[in-house]
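Below is one structure, written out as structure tokens; the observations come after it.
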Amino acid sequence: MPELPEVETVCRGLAPMLVGRRLSRIDQRRPDLRFPFPPGFVDRLTGAMVTAVDRRAKYILIRLSDGWTWLVHLGMSGRFTITPGGRASSGQAGHNSGWALAAPHDHVIAETDDGARIVYNDVRRFGFMDLIPPGDEAGNKHLSGLGPEPLSDDFTAEYFSSALAGKRTPIKAALLDQRVVAGLGNIYICEALWRSGISPRRLAASVNGKRAERLVGAVKDVLAAAIDAGGSSLRDYVQATGELGYFQHSWDAYDREGSACRRDGCDGVIRRIVQSGRSTYFCPKHQR
DNA sequence: AGTGTGTCCTGTGTGC
DNA sequence: TGCACACAGGACACAC
């Protein structure tokens with residue numbers, strides 16, 4: 001379930017495995033995910049030293065010592081599984097065209113110079129990877145045009161109000177627009193709107209003043225709480241299976257159609273509607 | 001320019 | 001049990 005908090009915990013899980021290590025082997029097991037892999041993908045990564053693992057919105061940015069960046073987007077179903085050096089693979093035996101033991105939908109397998117193994121698995125293949133040349137991050141087609149990080153000091157009520165001014169689209173759709181604010185997805189948008197008491201159908205342009213303040217605060221609170229949940233519920237962000245960054249979470253609005261609203265003093269019932277082709281869950285009683 | 005819709009892909013859950 | 005269908009956390013390429 002990769003939204004920003006999940007991507008963040010994946011980064012925190014990958015970093016200790018990768019930073020300071022060399023990528024000794026890369027097994028790219030198909031020519032494309034959502035998009036073709038960039039030319040020279042395997043050669044560029046093989047032998048490279050990892051210096052940092054960063055995140056921008058929902059993009060994982062693996063920094064290499066030669067200045068290049070390995071960009072990974074998890075799409076809908078992308079996930080990383082790690083196996084520390086010296087242990088057996090967690091993958092099931094299957095068709096093995098490459099050197100690595102691979103389970104179904106294992107598309108990229110990396111091994112570090114200390115024998116750790118990092119597997120990218122993506123059932124739906126909506127994820128993708130790219131390589132960014134040194135100094136070219138601003139020119140990357142995926143990263144250029146992204147709005148501010150929601151947890152940063154750049155994401156203020158003032159900025160938000162001005163970004164929404166004149167937008168004749170529902171606030172739900174505006175929040176999905178990564179140019180307005182980068183990293184929010186369907187779940188946390190539903191949660192933030194529920195928490196701030198704003199209807200997902202409200203015209204974006206009408207979210208300003210106190211409403212904008214409430215929504216900005218709710219976005220930050222919801223994301224921070226989810227990141228905390230990821231960190232506290234998983235030791236070092238790694239499950240027993242080796243899978244990174246995915247954690248149990250209970251939602252107040254998302255996926256609760258027909259259930260009682262959990263807001264104190266509210267006797268509403270959560271409804272599901274479709275906006276921009278996506279399910280929206282909200283309480284019609286207290287979200288206005 | 002801004003906004004809405006269809007599409008990529010596979011797996012899972014539900015209802016008949 | 002088998003089958004058809006709806007739906008799934010994202011982002012892009014279009015049409016209007």
Side-chain angles (χ1 to χ4, degrees), chain A residues 1-11 29-37 55-60 71-80 92 94 103-108 120-130 140-147 150 162-194 200-207 219 222-223 225-227 229-230 243-258 271-281:
Chain A
M1 8 173 124
E3 286 193 36
L4 185 152
E6 289 78 20
V7 176
E8 176 66 27
T9 53
V10 168
C11 288
R29 303 178 55 78
R30 51 176 300 127
D32 55 28
L33 295 171
R34 170 155 192 196
F35 308 116
F37 283 87
R55 175 189 62 73
R56 173 73 170 108
K58 297 172 215 173
Y59 295 89
I60 298 166
L71 176 151
V72 181
H73 194 293
L74 301 173
M76 296 271 235
S77 56
R79 54 199 61 204
F80 276 103
Q92 299 172 346
H105 311 298
D106 285 353
H107 303 310
V108 176
Y120 178 78
N121 179 288
D122 188 352
V123 171
R124 294 176 70 186
R125 301 205 304 274
F126 284 4
F128 50 89
M129 298 189 184
D130 199 4
N140 182 268
K141 62 177 177 180
H142 299 112
L143 301 181
S144 65
L146 287 176
S162 63
L164 297 177
K167 280 206 177 296
R168 306 198 54 77
T169 189
I171 185 63
K172 165 76 184 298
L175 288 165
L176 282 169
D177 185 343
Q178 302 296 298
R179 295 168 298 185
V180 172
V181 56
L184 295 182
N186 203 39
I187 292 178
Y188 294 105
I189 289 170
C190 291
E191 295 298 301
L193 288 169
W194 178 88
R201 297 192 277 209
R202 171 174 280 277
L203 193 68
S206 77
V207 176
V219 164
V222 163
L223 294 178
I227 291 171
E243 186 175 338
L244 286 174
Y246 298 85
F247 43 88
Q248 295 296 315
H249 204 295
S250 64
W251 318 112
D252 287 316
Y254 183 79
D255 203 25
R256 294 195 70 241
E257 183 181 20
R271 272 192 66 195
R272 173 185 175 273
I273 60 175
V274 175
Q275 294 177 291
S276 310
R278 319 286 301 278
S279 290
T280 299
Y281 298 86

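Lettering of chains follows the sequences in order, A, B, ..., and the numbering in each one begins at 1.
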For Arg278(A) and dG4(B), what is the distance between atoms CZ and C1' respectively, to the nearest whole Å?
14 Å

Where the side chain of Arg124(A) meets the backbone of Phe126(A), is there a donor-acceptor pair that is under 3.5 Å apart?
no

From dG10(C), dC12(C), dG4(B), pick the nucleotide closest to the side chain of Thr169(A)?
dG4(B)

Taken to the nearest 0.5 Å, the spacing of Arg55(A) CZ from Glu8(A) CD works out to 5.0 Å

Pairwise P distance, dT5(B) and dC7(C) [rounded to whole Å]:
15 Å

Reading nucleotides 9-16 of chain B 5' to 3', which nucleotides get B (base under 4.0 Å from a protein heavy atom), which S (sugar-phosphate only), which -?
BBS-----

Without swapping roles, check the side chain of Arg179(A) against the backbone of Val181(A) for a donor-acceptor pair under 3.5 Å.
no

So, do Tyr188(A) and Trp194(A) have ring centers that fall under 6.0 Å from each other?
no

Specify the separation, in whole Å, of atom CD of Gln275(A) and atom P of dG4(B).
10 Å

Whole-Å gap separating C1' (dC12(C)) and CG (Asp32(A)):
15 Å

Check the distance between dA11(C)'s C1' and Met129(A)'s CE and give it to me in whole angstrom.
16 Å

How is Ser279(A) classified with respect to the nucleic acid when contacts are heavy atoms under 4.0 Å: base, sugar-phosphate, or nothing?
sugar-phosphate

Does DNA chain B take part in any stems of at least 3 consecutive Watson-Crick or G-U pairs (both distances under 3.5 Å), and if so, which ones?
B:2-8 with C:10-16, B:10-16 with C:2-8

Please identify each residue that fulfils side chain to side chain contact (heavy atoms under 4.5 Å, CB included) with His142(A), with sequence neighbours left out.
Phe35(A), Tyr59(A), Leu71(A), Phe128(A), Asp130(A), Asn140(A)

Can any side-chain N or O of Ser276(A) pair as donor or acceptor with the backbone N or O of Ala173(A) at less than 3.5 Å?
no

Roughly, in whole Å, what's the span from CD1 in Ile189(A) to P in dA11(C)?
10 Å

Sub-3.5 Å donor-acceptor pair from the side chain of Gln178(A) to the main-chain atoms of Leu184(A), do we have one?
yes

side-chain hydrogen bond (donor to acceptor under 3.5 Å, both in side chains) partner of Asn186(A), chosen from Glu3(A), Lys172(A), Glu191(A), Gln275(A):
Lys172(A)

Presence of donor-acceptor pair under 3.5 Å, side chain of Arg34(A) and base of dA11(C):
yes

Using the P atom in both, what is the distance from dC9(B) to dC3(C), to the nearest Å?
24 Å

Is the phosphate of dA1(B) approached by Lys167(A) (side-chain N or O, under 4.0 Å from OP1 or OP2)?
no

Using a heavy-atom cut-off of under 4.0 Å over every strand shown, decide if Arg168(A) touches base, sugar-phosphate, or nothing.
sugar-phosphate

Nearest-Å distance, CZ (Arg56(A)) to P (dA11(C))?
12 Å

With a 4.0 Å cut-off on heavy atoms, is Gly277(A) in touch with a base, just the backbone sugar-phosphate, or nothing at all?
nothing

Between atom CG of Leu203(A) and atom CZ of Arg168(A), what is the distance when rounded to the nearest 0.5 Å?
5.5 Å

Could you state the atom-to-atom distance from CG of Asp177(A) to C1' of dT3(B) in whole Å?
10 Å

For the student: nearest non-hydrogen atoms of Arg56(A) and Leu143(A), plus distance
CG-CD2, 4.2 Å

Taking OP1 and OP2 of dA11(C), is either one under 4.0 Å from a side-chain nitrogen or oxygen of His73(A)?
yes

From the options dG10(C), dA11(C), dC7(C), select the nucleotide whose nearest atom is closest to the side chain of Arg272(A).
dC7(C)

Can you tell me if the side-chain N/O atoms of Gln178(A) get under 4.0 Å from OP1 or OP2 in dG10(C)?
no

Rounded to the Å, how far apart are His142(A) NE2 and dA13(C) P?
8 Å

